[in-house]
Q: 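Take a look at this one; I'll ask things after.
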Amino acid sequence: MSEIVNIPEIYGSYVFGEKEMRARLSKEVYRSLKRSMMTGEELEPVVADATACAMKEWAIEKGATHFTHWFQPLTGTTAEKHDSFISPQGDGSVIMELRGKELIRGEPDASSFPSGGIRATFEARGYTVWDITSPAFLYDNGNTKTLCIPTAFCGYNGEALDKKTPLLRSMEAVSKQAVRICRLFGDTQTQKVISSVGPEQEYFIVDRATYQRRKDLIFTGRTLFGAMPPKGQEMEDHYFGAIKERVSNYMRDLDVELWKLGIPVKTEHNEAAPAQHELAPIYNTANVATDENMLVMNVMKKVALRHGLVCLLHEKPFAGVNGSGKHDNWSLSTDTGRNLLEPGKDPQQNVQFLLMLAAVMKAVDDYSGLLRVSAANPGNDHRLGANEAPPAIISMFLGDQLTAVVEHIIAGNEESVPSTSIMRVGVSTLPFIRRDATDRNRTSPFAFTGNKFEFRMVPSSGCIADANTVLNTITADVLAQFADELEGAQDLREALRTLIRREMKAHQRIIFNGNGYTDEWLAEAARRGLPNIASMVDAIPELVKPDAVALFERHGVYTEKELRARADVSYELYSKTINIEALTMIDMAGKDIIPAVVRYTTELAASVAAVETAGGDASVQKELLTRVSVLLAQAHRALDALRECQRKAAGMTGAKQAHYFHETVCPAMDVLRAPVDHLEMICDSTIWPMPTYGDLLYNV
Ligand code: ADP
Ligand code: MG
């Protein structure tokens, strides 16, 4: 089954990228298009028409019949509306056509996408606008191929209705401020600073036939019942372990599909939990990386089905074993190719690095609530703050060496400089740092890893746009403050020294290199005054706090209206998710589990009667019957209680409803799960109405 694939030949063959553009566009059109990509200027109509025509021809040659504007609505998924290239002619024939207008702007009937009230249904128009910096691609869905045009989605007055628009705005904001910093250091070349992102994606793979017998996985993406199998992840034998053949065939196929799409996936390995794996692409510009990650998730699911497998992207598909996240690796680099988070080779660059470090420390400390909400989704509530990596408290890992440098700067003396990997630079009290990427701390939510920061709270199923929008904006804001102060300085060296020291001292509390899973850290974080926001519903208000609104408005990333809309959509999304989970539990418990256990008690009762009639000892059957009956009664009562509160929740709306779901419905679900999981462990396995954790986790 494994045919030989010529990777360089297939790589990017489904992307209308640089190579195709150069080959298919006239020099003038190509140059004009590239210029718009750089500057963000609007395309001239002739350029748009020529590009559309070339793109269409390329797509048709590859077998495409349709095109779509592909975008990321607030649901956190992707959306598309397919139009065929067909354009009827007067004489009853058709030609295949894609006009410039259709390429750069679409008008999907998108009234059913959540907008948080921005767009009442009577003004349902929304526009999709081509993001020319993200390449168009072909999506291969069996017999149909579709040309997908990555777009931003806005309302009639330009309000963002998607996740990409604010991300693009935040990229501009951080670029503008970071360029000011570059100028301070004598860099006159840099025109633009680019935020780069490399998301590592965790996922579970299960057998499709087994999956299909679990209503909870089908409807909610996670198991709502299920006792732990005899073996969990305690042996730690899965992480980086040998990959099973079926999974490795899947990964191989997945690689090929992603390579065709020009997505440079590089590493795959097993993760901590059984059946858990990870995929990492090579990093890219933030908006392109976001599009690629949406596509990666999509293709992962699609390819799995071909192999009789199902890919689970939920943050917590199984209780009791690790959940899944995304590590969002983020950095800033100049358009001349210099990474601003890379400790430099000379003292000058080093000071700039320390300034960037101070900026990120301040940004993360001042706006930790925004980072927290950017990583919140219903599934992540089961990870963050629930005794699993990472905790819900935002802190920053710098590693021993960099921490020592920070401490040294704060102390303001030479003595505390650690000797080995740090060279002192002349009279400057700012030390010289060498890159050290050896430190690893898997428990930290936000870690410096040599030349980038790694934000590890991001939910596995979510869209990384939110997190990167926040990272860019909070960094932009601090860099703006720094630039304001430094641009007016008489003595820049002195001003830098003062500022870096002052800010590192003010925000030192955000640094924590220890084990983030421990209770000691919870206590220590509380002592330091670091917020601990345990759940999504508690995080949502962070979006609309006055400081946050002012921040986003200052940098033109979100208006207050857009933020309020996002908060509303988040509450709604939360409530809908938990409601589906509650209804699924009610269905499974009421229709499958309780009836099966009732049949089992009947069997036991019959056995008791039969054995006693025959003069035997039925004490074991009797005892089992009693235990099962007690749990059955508990489950039945809990089911009634859950039904009752789900009904009550249905009559509520907004934040009140979301809180009710979180504070009342979720605990009621736990109360139902407990006796059912217990029953699963003591009942005859042949009567259990669905596959167990053991079947799901060890069956591929
Ligand atoms: P690790 O997590 O072990 O450090 P890697 O160094 O391979 O693993 O990087 C993980 C992810 O970070 C990859 O997706 C990689 O492309 C990305 N990455 C590497 N350098 C940068 C950078 N400068 N900016 C953003 N992402 C980066
Ligand atoms: Mg990593």
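Counting starts at 1 for both ligands and their atoms, following the listed order. Computed from heavy atoms alone, side chains included, the values below leave out hydrogens, waters and symmetry copies.
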Q: Should the proximity of His327 to ligand 1, defined as any heavy atom under 4.0 Å, be assigned to the side chain, the backbone, both, or neither?
A: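 Contact part for His327 vs ligand 1: neither.
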
Q: Measuring from atom 13 (C) of ligand 1, which candidate in Ser195, Pro281, Ser333 has the nearest non-hydrogen atom?
A: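 It is Pro281 whose heavy atom sits nearest to atom 13 (C) of ligand 1.
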
Q: Might you point out which heavy atoms bring Glu202 and Gly323 nearest each other, and give the distance in Å?
A: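 Answer, listing the atom of Glu202 first, then Gly323: OE1-O, 3.7 Å.
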
Q: Do the ring planes of Phe448 and Phe353 sit parallel (below 30°), tilted (30 to 60°) or perpendicular (above 60°)?
A: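 If you compare the ring of Phe448 with that of Phe353, the planes turn out tilted.
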
Q: List for me each residue that meets side-chain hydrogen bond (donor to acceptor under 3.5 Å, both in side chains) alongside Ser13, sequence neighbours excluded, and say none if there are none.
A: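 Per chain and number, Ser13 pairs via side-chain hydrogen bond (donor to acceptor under 3.5 Å, both in side chains) with no residue.
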
Q: Does any N or O atom in Pro199 lie less than 3.5 angstrom from one in ligand 1, N or O only?
A: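 For ligand 1, there is no N or O atom that lies under 3.5 Å from one belonging to Pro199.
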
Q: For Thr449, which part has a heavy atom under 4.0 Å from ligand 1: side chain, backbone, both, or neither?
A: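 Thr449 to ligand 1: no contact under 4.0 Å from either part.
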
Q: May I ask you to list the atoms of ligand 1 that are less than 4.0 angstrom from any heavy atom of Asn339?
A: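 This gives 23 (N) as the contact atoms.
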
Q: Hey, which atoms in ligand 1 end up nearer than 4.0 Å to a heavy atom of Ser331?
A: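 Matching atoms, with element in brackets: 22 (C), 23 (N), 24 (N), 25 (C).
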
Q: Below 6.0 angstrom between ring centroids: does that apply to Tyr14 and Phe137?
A: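 Distance test on ring centres: not under 6.0 Å, no.
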
Q: Flag Tyr283 as yes when one of its N or O atoms lies below 3.5 Å from any N or O atom of ligand 1, and as no otherwise.
A: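 Yes; at least one N/O pair falls below 3.5 Å.
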
Q: On a heavy-atom basis, which atom in Lys316 and which in Val321 lie closest, and how many Å separate them?
A: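 Reported closest heavy-atom pair: NZ-O, 2.8 Å.
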
Q: Strictly under 6.0 Å, is that where the ring centroids of Phe512 and Trp521 end up?
A: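 That pair passes the under 6.0 Å test.
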
Q: Could you list the atoms of ligand 1 found under 4.0 angstrom from a heavy atom of Ile282?
A: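 Reading through ligand 1 atom by atom, the close ones are 16 (O).
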
Q: Just jot down the side-chain hydrogen bond (donor to acceptor under 3.5 Å, both in side chains) partners of Lys34, sequence neighbours excluded, or say none.
A: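 By the side-chain hydrogen bond (donor to acceptor under 3.5 Å, both in side chains) rule, Lys34 matches Glu18.
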
Q: Ligand 1 versus Leu341, non-hydrogen atoms closer than 4.0 Å: side chain, backbone, both, neither?
A: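 The answer is neither.
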
Q: Could you work out, for atom 9 (O) of ligand 1, the closest of Glu278, Lys452, Glu342 by heavy-atom distance?
A: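 Among Glu278, Lys452, Glu342, the closest heavy atom to atom 9 (O) of ligand 1 belongs to Lys452.
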
